[in-house]
Visitor: 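The following block contains the structure, expressed as structure tokens.
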Amino acid sequence: MATYVTSDAHGHVRALDRALELAGPGSGDVVYVLGDMVDRGPDPVGVLRLVRSLPNARVLMGNHERMLLDTLMSEDEREVFIWEMNGGSTTARGLDSLASDEAADLIDWIAQLPLFDVVEVDDRRPGAAARAGVLGCDARRTYLLSHAGIDALAARAYLAMAGTAGSTGAFADAAGSSAASGADVATLRDMMASQSADDLLWIRSEFWGAPTGLVGPDGRGPVVVAGHTPSILLRRYATLMGGTGAHEGMYGCMVEVGATASTFGEADRICVDCAAATGYPSGRVGVMRLEDRRVWYAEVREGE
């Protein structure tokens with residue numbers, strides 16, 4: 001079984017479909033979709049239908065799904081205005097075109113989406129097994145998944161109180177050079193559940209602008225995977241980026257962030273928003289396989 005992750009298709013169902021076809025997840029594989037399926041692009045309903053059709057899909061809520069729900073539940077015209085200013089008109093038109101029972105079913109499904117997940121996978125990247133052997137541990141990697149990111153300070157405080165900091169003095173320095181290597185998946189789930197919903201859906205500069213402190217000097221500890229911030233804009237917020245946030249032709253791409261000597265060269269954050277929201281010509285949808293971090297891309301083509 002393999003584990004894939006994608007995010008922020010923003011109504012570009014054709015690009016999402018092509019990216020998934022290139023990645024080729026099988027019926028026994030898991031595909032995580034980190035929200036922002038709706039708004040901006042031409043076919044948000046198509047994205048919702050495609051995601052729901054995927055076997056073993058695990059879908060998180062994004063801030064645009066939250067705005068959709070808030071608008072539908074509110075009688076305040078300002079909520080409608082804010083949603084439309086953020087591309088909600090394409091979603092509204094798509095939902096209005098549906099039979100009432102299908103529209104209600106989609107909305108009910110969106111309303112029950114969780115805000116986070118935690119997954120542990122085999123680390124099959126080059127050198128991972130050898131490093132694990134030196135450290136005397138399994139070649140496994142834990143990922144914290146949310147739409148926008150996490151409040152790292154709150155995460156470190158929770159784990160310190162839970163007594164899961166590593167033996168090297170977790171949270172002891174400003175760089176966050178060691179933390180959470182001893183936390184199991186259940187404890188990390190509890191930590192994520194303690195996070196603010198607003199942070200999981202909306203955080204940006206505070207998350208991308210500083211190390212999480214969750215990956216220690218041995219390179220162990222959970223890595224956060226998030227979307228929300230288009231990679232072509234990421235350098236406005238992030239330091240220690242493993243790339244510029246765009247490939248040749250200014251296409252969005254997935255970016256590893258935070259690799260330093262204090263984390264044994266291990267990135268502690270991965271941005272998986274490939275800027276589909278910007279549409280043609282710079283937008284893409286990406287799919288990453290977490291076990292080896294291989295990535296497949298599909299560009300948003302002109303007119304779609």
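Hydrogens, waters and symmetry mates play no part in the numbers below; they use all other heavy atoms, side chains included.
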Visitor: Taking all heavy atoms of M191 and all of A155, pick out the closest pair and write down the distance.
Guide: SD-CB, 3.5 Å
Visitor: Is any side-chain heavy atom of L20 closer than 4.5 Å to a side-chain heavy atom of V285?
Guide: no
Visitor: Between D218 and F264, which heavy-atom pair has the shortest distance, and what is it?
Guide: C-CB, 3.8 Å
Visitor: Indicate yes or no: at least one non-hydrogen side-chain atom of L69 is less than 4.5 angstrom from one of M61.
Guide: yes
Visitor: Before accepting this row, confirm whether a basic side-chain N of the pair E120/R140 lies closer than 4.0 Å to the acidic partner's carboxylate O.
Guide: yes
Visitor: Atom CZ of residue position R236 - does it have more than 12 heavy atoms of other residues, nucleotides or ligands inside 6.0 Å?
Guide: no
Visitor: May I ask you to say whether R141 pairs ionically with D122, meaning some side-chain N is under 4.0 Å from a carboxylate O?
Guide: no
Visitor: Determine whether more than 12 heavy atoms belonging to other residues, nucleotides or ligands lie under 6.0 Å from atom CZ of R14.
Guide: no
Visitor: Rounded to the nearest 0.5 Å, what separates atom OG in S262 from atom CG in D268?
Guide: 8.5 Å
Visitor: Can any side-chain N or O of R269 pair as donor or acceptor with the backbone N or O of A210 at less than 3.5 Å?
Guide: yes
Visitor: As a quick check of understanding, evaluate side chain to side chain contact (heavy atoms under 4.5 Å, CB included) for V224 and F207, giving each step before the final call.
Guide: CA-CA 10 Å; V224 185; F207 170 65; 3.5 Å; yes
Visitor: Considering non-hydrogen atoms only, spot the tightest contact between T263 and G258 and give its length.
Guide: OG1-O, 3.7 Å
Visitor: With rounding to the nearest 0.5 Å, note down the distance linking OG in S89 to CZ in R40.
Guide: 10.0 Å
Visitor: Is there a side-chain contact between V119 and V5 in this structure, where contact means two heavy atoms from C-beta onward sitting under 4.5 Å apart?
Guide: no
Visitor: In this structure, are over 12 heavy atoms from other groups packed under 6.0 Å from M85 atom CE?
Guide: no
Visitor: Are any non-hydrogen side-chain atoms of V38 and L48 less than 4.5 angstrom apart?
Guide: yes
Visitor: Within a strict 4.5 Å, meaning less than it, do heavy atoms of the H12 and D43 side chains meet?
Guide: no
Visitor: Distance from S146 atom OG to L200 atom CG, nearest 0.5 Å?
Guide: 5.0 Å
Visitor: Return the CE to OG1 distance between M254 and T6, rounded to the nearest 0.5 Å.
Guide: 5.5 Å
Visitor: Are R293 and V223 packed together at the side-chain level, in the sense that at least one heavy-atom pair is separated by less than 4.5 angstrom?
Guide: yes
Visitor: Quick one: do M37 and V300 end up in the same hydrophobic cluster if we chain Ile, Leu, Val, Met, Phe, Trp and Tyr together by side-chain heavy atoms under 4.5 Å apart?
Guide: no
Visitor: List the atom of L115, the atom of A197, and the distance in Å for their closest heavy-atom pair.
Guide: CD1-CB, 3.6 Å
Visitor: Please report the interatomic distance CH2(W208) to CG(L233), rounded to the nearest 0.5 Å.
Guide: 12.5 Å
Visitor: Give a yes or no on this: more than 12 heavy atoms of other residues, nucleotides or ligands lie within 6.0 Å of atom CD of E21.
Guide: no
Visitor: Less than 4.0 angstrom from a charged side-chain N to a carboxylate O is my criterion; do R294 and D292 meet it?
Guide: no
Visitor: Does any donor atom in the side chain of T91 or D39 lie under 3.5 Å from an acceptor atom in the other side chain?
Guide: yes
Visitor: Check whether W109 and L68 end up in the same hydrophobic cluster, where Ile, Leu, Val, Met, Phe, Trp and Tyr are linked by side-chain heavy atoms less than 4.5 Å apart.
Guide: yes
Visitor: Do you know which two heavy atoms are closest between D123 and R125, and how far apart they sit?
Guide: OD2-NH2, 2.7 Å
Visitor: Any chain of hydrophobic side-chain contacts (each under 4.5 Å) joining L98 to V47?
Guide: yes
Visitor: Going from CE on M250 to OG1 on T278, what distance comes out if it is rounded to the nearest 0.5 angstrom?
Guide: 9.5 Å
Visitor: List the atom of L72, the atom of I107, and the distance in Å for their closest heavy-atom pair.
Guide: CD1-CD1, 3.6 Å
Visitor: Are L240 and P211 close enough that some pair of their side-chain heavy atoms sits under 4.5 Å apart?
Guide: yes
Visitor: Quick one about N63 and H228 (side-chain donor to acceptor, distance below 3.5 Å, no hydrogens or angles considered), yes or no?
Guide: yes
Visitor: Does any part of the side chain of D36, heavy atoms only, come nearer than 4.5 Å to the side chain of E65, both counted from C-beta?
Guide: yes
Visitor: Would you kindly confirm whether I82 and L201 end up in one hydrophobic cluster when ILVMFWY residues are joined by side chain heavy atoms under 4.5 Å apart?
Guide: yes
Visitor: Is there a chain of hydrophobic side chains (I, L, V, M, F, W, Y, each step under 4.5 Å between heavy atoms) that links I232 to V255?
Guide: no
Visitor: Taking atom CZ of R235 as the centre, does the number of heavy atoms from other residues, nucleotides or ligands within less than 6.0 Å exceed 12?
Guide: no
Visitor: Does a side chain donor of either D190 or T187 reach within less than 3.5 Å of an acceptor in the other side chain?
Guide: no
